Amino acid sequence: MDKLLRITIDGRSCEVPQGITVAAALAHAGSGITRHSVDATPRAPFCGMGICQECRVTVDGRAHNLACQTLCGQGMIISTAAASAPLAGAIAAGSQRSASLYFDVLIIGAGPAGLAAAQIAAGGGEHVGVIDDNPQAGGQIWRHGPKAPAPKKAQALLQSLSHMSNVSLMHNTRVVQQLAPDCLLLEGLQHSCVVRFRRLILATGARERLLPFPGWTLPGVTGAGGLQALIKGGMPVAGQRIVIAGSGPLLFAAAATAQAHGATVVAIIEQSPPAALARFLASLCYTPGKLAQAAWLRFGLRGTPYLLDSHVISASGQANLEQIQVRHGTRQITLACDRLACGYGLLPNLRMAQALQCAQDGPAIRVDALQRTSLPNVFAAGECTGIGGMELSFIEGQIAAYAALGNEPAARALFKQRAKWQRFAARLAEHFSLSSALRNLPDADTLICRCEDISYAAVTAHSDWRNAKLHTRCGMGPCQGQICGTAAGFCLGWPDPAIRAPFTPSRIGTLMQTCDTLAAAPEQSNDGVMSC
Amino acid sequence: MKCADVVVLGAGIVGAACAAELARQGLTVEIIDASGIGCGTSGAGMGHLVVMDDSPAEFALSQWSVALWRELESEFGPQQGYRQCGTLWVAADDAEMQVAQARLEKLRAGGVICDLLDEQQLRACEPSLRPGLPGALRVPGDGVVYPPAVAAWLLAAQRPWASCLRTRFGQAVVALKKNGVQLADGTLVHAGAIVLANGMGAMEFVPGLPLAPKKGHLVITDRYPEMIRHQVLELGYLKSAHQSSGASVAFNVQARPTGQLLIGSSRQFGEHDPALDPEILGRMLRRAAEFLPALPALHAIRAWTGFRAASSDGLPLIGPAHTQADAPWLAVGHEGLGVTTSLATAKLIAAQLLDLESAIPIAPYLPARFLNLQSAYG
């Protein structure tokens, strides 16, 4: 029997299982709608990972909180109505606490790479801080919830870290800006902190490539990894008909999660042609574990059609998703469904690296053999240095930590293991390259900017991102171009928009904190696990 | 062979206004910008249309121009973001209340409608402001606008003067010639007259221009409709704006039509790096939060900087760069009042170029007040 929490959603009291996200609670209690867009159409969680900003709701009087990244609490009051301004006096000025912290090694990202790095660095006796914007450690691959336990390897690692007094794990914490080369401003749920460090390890992982098509803003349409994350957060899908679409091995993982939670997976739609997929499967014999995993996933979904050389061309429905149109080879088919989870593979999450101005190799952070970036004392590990899966991330995290400790022999001892998974990563990239047909999916009316409701036609009337932004408001919303900028990059070939502080929507109270204000009240704390 | 009567450099709000006004007068105009419309200071500012009275000349220009903006109101669409929201100049203490009283009398004497709000009236008018503020000067005729969209509107094909207007984007002007300008690809654009409306960029062509960049920071929030209604500034802003060295911040917040709050302002001298300065940003926001106590709880979604092209005497340079024949024309140096005074600036340029009667005396704005200016012809 689940332990239940009593919460209030839009004035109605209801009970939801403990440990679920606010996004999941909204779906438990009703439609799952989180907000109405600028053009007054209903929206629901989309990316599932705190990027797209579609799931902003008011929680306990604080507007614009991300429902997918917030866990329900006893007595929580949630509102999906348009934000209203807090009146003067309702919130005491400067009520948020602030702290000043120092770490020998600061790690951004608590996925496999970040946690592996933390374990090594802490084992070396260093004071280690790990910050992560998700409500729990584990990253996307080890995301877990009340009905979705973390894998054993993750549990063991988290258990071991929780016993180390020199590791501080700060979840629900985001980097807001860089105050100095060795100093970052962070924001937690209730307070901010200025953190100094001697060495920094970027383990910011990956994000899903989400591409626009007609109907992609309908409630019921999410990313593929996004759906998986939402389900792990407690989003109910039992009895729902779900289509999983896009590209890459993640589709099977998402389908398996949906099926395990009671959904009917109507079809899996992969844009790669059969020949590419066959080559990928053949290449898996170099990594028998991955081959077995693929076979197991496919076996579990043996009743589900797997359509190759296919992609979703549009989604439609009244208030919610009702059906999708799919291009299957040369044919067009219609599938009825309650949800569409569509993601075109993963992209290294580069925002922090770009903010710090680390050099890049293509779409990944440039690192040398010791996982060193172009900046002194800044290392990077895991999928932010290239998509390669959990195993590669884990080893890279260990290498980065050894390198940060100055223990080069220990780092080198792991090179051979890393090389094996690097070859797997190369095959992954080679076999799931995207079809150029996907560039032409949006039609003139498709909203490319989901925050500001800007149509594709409006944006393509301009020659570059800067002009499109200035004259249409595309990219001016709270996601700051993370969704539409990526879409414009893919469809139009425009370069990534530059990143500026605040790196993510942040309280003004946090931006009010600077080295100046904290110099007045220095305070150091490195003891135990603190939740920032 | 002449390609255009006039070529205008810079498609910001000042350049667009000049080009539109000259085209409206029947001249053929080509406007050139390497980046596009409103990509410079116009795209970085607040778009506050405000009557300022630091000097009689500034008062005359800004008052006239704000009136010109109001005449255009009915023609704008929602994109241009024009709203006659009025300005509230908030007094932080009793001494500033006396400043407000003095300004009230001065503005009224000049024919500007305005009134003085006491503590209660201010609370009723803007309930989000800190309790206990003694009052404010209200100037209801002021407004706000979204400058890049206005610049685009002035240059759009739908305007009656569009047939006289050509735009050329994506190429920088590398040299002024006696009979036109030369572009980066070597193309010569012939013109009878050249108007430099490219802010700090004009210094490249007229060495010795008494211009300096004043860096500013702005922050915009997520949507919080109805939190404030006016453009709200502290009277201390005037002190900040007058400082000629160091860095200063002042409370200056605007409600965008979207329900977002646009928060300023800062001024830094001798800064050329467009990067955000966290210390200045923090100071600016702390100052704003002293007036708006709920501010720390709001989400900021974006912050940026811009550079105001400020002249050494605080007034813009509008007119021929020097007395030699074929001198380029200047429409630069507006500092923080470029949007406000763009329409009047365009009228003054047209009046001089076409020898028309001007609504206000031109002399205070003539570049000739600075000696020794010369243009560099490449």
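This is a predicted model, so every value here is computed, not measured. Lettering of chains follows the sequences in order, A, B, ..., and the numbering in each one begins at 1.
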Flag the one option from [options] with the top tally of heavy-atom pairs under 4.5 Å to chain A.
{"options": "Cys39(B), Gly36(B), Gly170(B)", "value": "Cys39(B)"}
{"options": "Gly282(B), Ala151(B), Ala300(B)", "value": "Ala300(B)"}
{"options": "Asp277(B), Ile37(B), Val219(B)", "value": "Ile37(B)"}

Contacting region of Val38(A) [heavy-atom separation from chain B under 4.5 Å]:
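Answer is side chain: those atoms of Val38(A) sit under 4.5 Å from chain B.
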Pairwise side-chain contact, [X] with [Y], heavy-atom cut-off 4.5 Å (strictly under):
{"X": "Met476(A)", "Y": "Ile220(B)", "value": "no"}
{"X": "Gln177(A)", "Y": "Leu281(B)", "value": "yes"}
{"X": "Thr514(A)", "Y": "Arg283(B)", "value": "no"}

Under a 4.5 Å heavy-atom cut-off, does chain A meet the side chain of [X], its backbone, both or neither?
{"X": "Leu295(B)", "result": "both"}
{"X": "Ser35(B)", "result": "backbone"}
{"X": "Glu290(B)", "result": "neither"}
{"X": "Phe169(B)", "result": "neither"}

Please answer whether the main-chain N or O of Arg223(B) pairs with a side-chain N or O of His64(A) as donor and acceptor at a distance below 3.5 Å.
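Checking the backbone N and O of Arg223(B) against the side chain of His64(A), a donor-acceptor pair under 3.5 Å is found.
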Backbone of Ala303(B) reached by a side-chain donor or acceptor of Arg500(A) within 3.5 Å
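Side chain of Arg500(A) to backbone of Ala303(B): a pair is present.
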So for atom CD, which belongs to Gln79(B), do other residues, nucleotides or ligands contribute more than 12 heavy atoms lying within a distance under 6.0 Å?
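Atom CD in Gln79(B) is not crowded, with 12 or fewer foreign heavy atoms closer than 6.0 Å.
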CD of Gln121(B): more than 12 outside heavy atoms within 6.0 angstrom?
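Yes.
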I need the full list of side-chain hydrogen bond (donor to acceptor under 3.5 Å, both in side chains) pairs touching residues 464-477 of chain A, with sequence neighbours left out, sorted by first then second residue.
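Residue pairs with at least one partner in residues 464-477 of chain A: Glu452(A)-Arg473(A), Asp464(A)-Asn467(A), Arg473(A)-Gln260(B).
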What verdict does the side chain to side chain contact (heavy atoms under 4.5 Å, CB included) test give for Arg56(A) and Asp222(B), after you've listed the backbone C-alpha separation in whole Å, the side-chain angles of each residue and the deciding distance to 0.1 Å?
CA-CA 11 Å; Arg56(A) 283 171 296 148; Asp222(B) 209 324; 2.7 Å; yes
When only pairs under 4.5 Å are counted, which of Leu470(A), Thr510(A), Leu511(A), Ile508(A) shares the most heavy-atom pairs with chain B?
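Ranked by heavy-atom pairs under 4.5 Å with chain B, first place is Ile508(A).
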Out of Ser506(A), Pro478(A), Pro505(A), Ala82(A), return the one with the most heavy atom pairs under 4.5 angstrom to chain B.
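Looking at each option in turn, the highest pair count goes to Ser506(A).
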Which atom names give the shortest non-hydrogen contact between Pro296(B) and Met512(A), and what distance separates them?
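For Pro296(B) versus Met512(A), the nearest heavy atoms are CG-SD, 3.9 Å.
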To the nearest 0.5 Å, what is the distance between CZ (Arg507(A)) and OG1 (Thr221(B))?
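It comes to 14.5 Å.
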